[in-house]
Amino acid sequence: MSGKKLVGEKIKAIREAKKMSLQTLSENSGLEQSLVEQIEGDVNIPGLSPLLKIARALGVRLGTFLDDNDNIGPEVCRAGVTEKSLSTSNTKSRSNSHLDFASLASHKAGRSMEPFIINIEPADEKRLILSSHEGEEFIYVLEGVVKIVYGKNTYLLEKGDSIYYDSIVEHLVCAGNNENSKILAVVYAPQ
């Protein structure tokens, strides 16, 4: 990756710089130590919820794991020039990825929001799990159909539709109609 640190490497470096043990990070984030080890080893990158819990436990914002530099001015992201920043999975086994994130602001320092273009691949819905974390999310469908499970409600969104919700409520974002889809997602997670 041409000198870029992977998400897990960055988490491990921050944890070690703060002289925090794996066990302490696990306890403070509420995640199993084995999952934290897999994340740090870049073996398994789960959904945003565990990453947000780790960020909170480390006292950093989610974007810290995705940042490449400290641009304090505006960041312009040209069409077709996004970089894939991470792939996550909301599956019980966490063995396969179904969400590919491309950050639209990885170079912007001090940001409070995380804008992404996310490609969503169909996944076995029986294996998907809901997640929750502090903050808010805005999703705008660019291509295909997206299924949003939010609490006890389910929404099917088509191209041009959007949804804005409190992410503390258990939720799931997945491909609708068993076809690939693409969304613009903006995540706000208070620090």
TODO: Output every pair passing ring pair (Phe, Tyr, Trp, His ring centres under 6.0 Å) with a member in residues 118-145, not counting sequence neighbours, ordered by first then second residue.
DONE: H133-H171
Task: Side-chain H-bond candidate by donor/acceptor type, E137 with Y165, under 3.5 Å - done: yes
Task: Trace of the side-chain contact (heavy atoms from CB on, under 4.5 Å) decision for E37 with L22 - done: CA-CA 7 Å; E37 288 173 349; L22 252 169; 3.5 Å; yes
Task: Qualifying residue, where the test is side chain to side chain contact (heavy atoms under 4.5 Å, CB included) with L184 and the options are I139, I118, L104 - done: L104
Open item on the list: Quick check on the hydrophobic clustering: are V36 and I14 connected, directly or via other members, by side-chain heavy-atom contacts under 4.5 Å?
Closed with: yes
Acceptor/donor pairs from residues 147-157 side chains to any protein atom, 3.5 angstrom cut, sequence neighbours excluded:
from	atom 1	to	atom 2	distance (Å)
K147	NZ	E125	OE1	2.6
Y150	OH	D166	O	3.1

Task: Residue pair E40 / L25: nearest heavy atoms and the distance that separates them - done: OE2-CD2, 4.0 Å
TODO: Give a yes or no on this: more than 12 heavy atoms of other residues, nucleotides or ligands lie within 6.0 Å of atom CD of E16.
DONE: yes
- [ ] Start with the C-alpha distance between I183 and L142, add both sets of side-chain angles, then the distance that settles side-chain contact (heavy atoms from CB on, under 4.5 Å), and finish with yes or no.
- [x] CA-CA 5 Å; I183 61 174; L142 299 170; 5.7 Å; no
- [ ] Might you point out which heavy atoms bring K53 and S132 nearest each other, and give the distance in Å?
- [x] CE-O, 4.0 Å
Open item on the list: I'd like to check K182 versus I120 (side-chain heavy atoms, cut-off strictly below 4.5 Å). Are they in contact?
Closed with: no
Open item on the list: On a heavy-atom basis, which atom in S181 and which in G144 lie closest, and how many Å separate them?
Closed with: CB-CA, 4.1 Å
Open item on the list: Could you measure the distance from the CE atom of M20 to the CD atom of E27? Nearest 0.5 Å is fine.
Closed with: 10.5 Å
TODO: Please list, chain by chain and in numerical order, all residues satisfying side chain to side chain donor-acceptor pair (under 3.5 Å) with E134, sequence neighbours excluded.
DONE: R56
Open item on the list: Is there a side-chain contact between R15 and K12 in this structure, where contact means two heavy atoms from C-beta onward sitting under 4.5 Å apart?
Closed with: yes
TODO: Indicate if L35 and V7 have the same hydrophobic cluster label, given that clusters are the connected sets of ILVMFWY residues with side-chain heavy-atom separations under 4.5 angstrom.
DONE: yes
Task: Nearest atoms (heavy-atom pairs only) where E121 meets N180 - done: CA-OD1, 3.6 Å
Open item on the list: Looking at F116, is its backbone amide N or carbonyl O close enough to the side chain of S103 to form a donor-acceptor pair, meaning the two atoms are under 3.5 Å apart?
Closed with: no
- [ ] May I ask you to decide if L31's main-chain N or O and S26's side chain share a donor-acceptor pair within less than 3.5 Å?
- [x] yes
